[in-house]
A.B. asks: 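Shown below is the structure under consideration.
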Amino acid sequence: MAMKAAARGWSPIWSGNSYMSPDPSQQIADVAVIGGGIVGLSAALELQSRGKTVIIIDPDDERRRASYGNAGVLSRGSILPVAGPGIWNSLWRYMRNADPAVRLRYTSLPALSSWLSRFLRAANERSLRRSAAALNPLVQAAFDRHVALGEIAGTIPLIHRDGWLRLYRTDSSLAGIALERELLAQHSVETKLLSGNAIYELEPFLARRYAHGLLFTQTASIQTPGEVVRRFAHAFLARGGAFLKGSAVDLRQTATGVELRAGDRTVRASHAVVSAGAWSSGLLCDLGYRIPMAAERGYHAHYRLEQGASLGRAINDTSAGFVIAPMNGEVRVLTGVELCRPDDPPRPRQLDLAVSEAARTLPLGQASGPIWSGNRPSTPDSLPVIGMAPRHDRIALAFGHGHIGFSTGPVTGEIVARLICREQQTIPIAAFDAARFS
């Protein structure tokens, strides 16, 4: 890559974590990727594999990224949108902040009005089935693309195919997901129903508060999601990539490519990739795009388990709306969602409730490390925005993955690289086009 860059007059100069070109009018890369989470890094690695020079513009705060604070689950079963017909039965609880799975930041609701209205319009069976059909090919390809980039970045030893367990406290809560189970079976997502003692044979240290469990047998996990992102970044740098520390602003398309600013630097490239998570829609406003987005804020905390206790795989208590995931000898307790704006300050009340319930589920010991909060970039229909910008043929969009960004980041990266290099796609992506919001 370095030889290719030098031959084209691409003469990078490093200054700490910054990057600049000696000639401010010079195109400094083939592609400028905005956002250094797993989606942006995956796109960068795929583009490098196709001979492109790439610069990533990112604030360089790993704890701010959704790909840092997730459960590490590479879920084969994550094909169902958040909006569905079941929302209506719970809507009053959600509005009162009486359900532990969802909290509303009331002061943020005016800014989320477009998102909320579209979300509620999508809460029906027809939209649910349509979204599941669109998401299935993307999710189905996710594991193999993690392995493919894992060969480059050295992350394969971190991947474990141990399944993912959703837990139900009552017969009625299991009966309430009949449509979900039908769609999972329709799209060949393998599950195994566990009831009674079968749950505790699999996870003996769980409190006996669950009547049923649904085990997703094709699902893998990574107990150090942040380490995957770090290794992707190291691989990107080792292959000749460059980072520019800062937040991208003033993105525009020119006659010959794209241009943006980050701090006091101007970046020019042939193409840009917008993969800045929950901040992506704001960046695109100046280009005339109004893409309804919400930050599904999540929180987590780490705990040691009491001596002798263990957890074999990530679990989701569907009644209390929390997840517990094993993380390198500890467990990570994760909340449901808080609907807010991406720059709203954290309010960890939801985490307090999750930890209280988690302590009744597993023998939690001492807390370990600081509390984390981050923003899952959410669209109203739970479909990501992937494709070329409708009116800008040099700007690729790759954001809005909600709860499945860590899982589908690598396959999204491949899609982006194929778009920019004008290669045929291997999975259908028309449903992810930003034009659906016009």
Side-chain angles (χ1 to χ4, degrees), residues 35 37 59 61-71 81-84 86-123 247 276-285 289-301 316-323 332-358 370-385 399-406 437:
D61 180 1
E62 70 172 0
R63 289 182 59 84
R64 165 170 142 150
R65 302 176 187 131
S67 49
Y68 175 88
N70 58 86
V82 177
I87 288 289
W88 297 103
N89 293 331
S90 305
L91 189 59
W92 179 235
R93 290 204 317 276
Y94 294 157
M95 294 301 296
R96 294 185 294 119
N97 279 338
D99 192 299
V102 178
R103 290 187 74 82
L104 303 180
R105 186 76 67 99
Y106 292 117
T107 55
S108 301
L109 290 185
L112 301 178
S113 59
S114 175
W115 185 94
L116 282 167
S117 64
R118 287 176 178 267
F119 177 84
L120 291 175
R121 289 203 301 271
S247 296
W279 290 270
S280 299
S281 58
L283 180 64
L284 293 169
C285 282
Y289 298 107
R290 299 293 183 267
I291 299 177
M293 294 276 292
E296 291 190 22
R297 177 72 54 80
Y299 298 84
H300 84 226
N316 170 214
D317 184 317
T318 58
S319 296
F322 67 84
V323 170
R332 177 177 286 180
V333 179
L334 304 102
T335 67
V337 302
E338 179 188 27
L339 290 176
C340 60
R341 295 167 296 191
D343 294 316
D344 283 339
R347 292 179 183 171
R349 170 61 177 159
Q350 193 177 24
L351 180 62
D352 295 338
L353 296 173
V355 169
S356 177
E357 283 291 335
I371 290 172
W372 175 88
S373 67
N375 301 302
R376 308 176 187 99
S378 172
T379 62
D381 56 10
S382 296
L383 301 182
V385 177
F399 58 87
H401 293 72
H403 296 255
I404 62 171
F406 183 74
F437 297 120

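For the numbers below, each heavy atom of this structure counts, side chains included, while hydrogens, waters and symmetry mates do not.
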A.B. asks: So, taking the atom named OG in S108 and the one named CD in E338, what distance separates them when rounded to the nearest 0.5 Å?
C.D. replies: 8.0 Å

A.B. asks: Could you go through L351 and F322, starting from their C-alpha distance and side-chain angles, then the distance that decides it, and tell me whether this counts as side chain to side chain contact (heavy atoms under 4.5 Å, CB included)?
C.D. replies: CA-CA 9 Å; L351 180 62; F322 67 84; over 6 Å; no

A.B. asks: Would you compute the distance between atom OG of S114 and atom CZ of F437 and round it to the nearest 0.5 angstrom?
C.D. replies: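 Here the rounded value is 9.0 Å.
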
A.B. asks: Please lay out, stage by stage, how D381 and R118 fare under the test side chain to side chain contact (heavy atoms under 4.5 Å, CB included).
C.D. replies: CA-CA 8 Å; D381 56 10; R118 287 176 178 267; over 6 Å; no

A.B. asks: Looking at every non-hydrogen atom in both residues, tell me the closest pair between S382 and A83 and how far apart they are.
C.D. replies: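 Shortest heavy-atom separation between S382 and A83 comes out as OG-N, 4.4 Å.
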
A.B. asks: Is there side-chain contact between F119 and L112, with heavy atoms separated by less than 4.5 Å?
C.D. replies: no

A.B. asks: Using every non-hydrogen atom in the two residues, find where P100 and S319 come nearest and quote the distance to one decimal.
C.D. replies: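 Nearest heavy atoms, P100 then S319: CG-O, 4.0 Å.
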
A.B. asks: Roughly how far, to the nearest 0.5 Å, is the CG atom of L284 from the CH2 atom of W279?
C.D. replies: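 Here the interatomic distance stands at 14.5 Å.
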
A.B. asks: Are any non-hydrogen side-chain atoms of S378 and R376 less than 4.5 angstrom apart?
C.D. replies: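 Result no, sub-4.5 Å side-chain heavy-atom pair not found.
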
A.B. asks: Give a yes or no on whether the backbone of A276 and the side-chain of S280 come within a donor-acceptor separation of less than 3.5 Å.
C.D. replies: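 Yes, because the side chain of S280 sits within donor-acceptor range (under 3.5 Å) of the backbone of A276.
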
A.B. asks: Yes or no on side chain to side chain contact (heavy atoms under 4.5 Å, CB included) for L120 and L91, after CA distance, side-chain angles and deciding distance?
C.D. replies: CA-CA 10 Å; L120 291 175; L91 189 59; 4.2 Å; yes

A.B. asks: State the CD-OG1 distance between E296 and T335, to the nearest 0.5 angstrom.
C.D. replies: 10.5 Å

A.B. asks: Classify the ring geometry of W372 against H300: parallel below 30°, tilted from 30° to 60°, perpendicular beyond 60°.
C.D. replies: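 Because their plane-to-plane angle is under 30°, the rings of W372 and H300 count as parallel.
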
A.B. asks: Would you say the side-chain atoms of R103 pair up with the backbone N or O of V337, donor to acceptor, closer than 3.5 Å?
C.D. replies: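 Not at all, since once roles are kept as given, no pair shorter than 3.5 Å links the two residues.
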
A.B. asks: Within the structure provided, determine whether R347 and R105 are in side-chain contact (heavy-atom separation under 4.5 Å).
C.D. replies: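 Side chain of R347 against side chain of R105, heavy atoms only: contact under 4.5 Å found.
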
A.B. asks: Which atoms form the tightest heavy-atom contact between T107 and P110, and what is the distance?
C.D. replies: O-CD, 3.7 Å

A.B. asks: Could you report the tightest heavy-atom contact between A278 and S281, atom names first, then the distance?
C.D. replies: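 Distance-wise, the nearest heavy atoms are O-OG, 4.2 Å.
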
A.B. asks: Can you tell me how far the CD atom of Q350 sits from the CG atom of N97, to the nearest 0.5 Å?
C.D. replies: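 If I round to the nearest 0.5 Å, the distance is 8.5 Å.
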
A.B. asks: If I compare all heavy atoms of P342 with all of N375, which pair ends up nearest, and what's the gap?
C.D. replies: O-ND2, 3.0 Å

A.B. asks: Output the distance between atom CG (L334) and atom OH (Y299), rounded to the nearest 0.5 Å.
C.D. replies: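 One finds 13.0 Å between CG of L334 and OH of Y299.
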
A.B. asks: If you compare all heavy atoms of W115 against all heavy atoms of M293, which two are closest, and at what distance to 0.1 Å?
C.D. replies: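 Closest pair (atom of W115, atom of M293, distance): CD1-C, 3.6 Å.
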
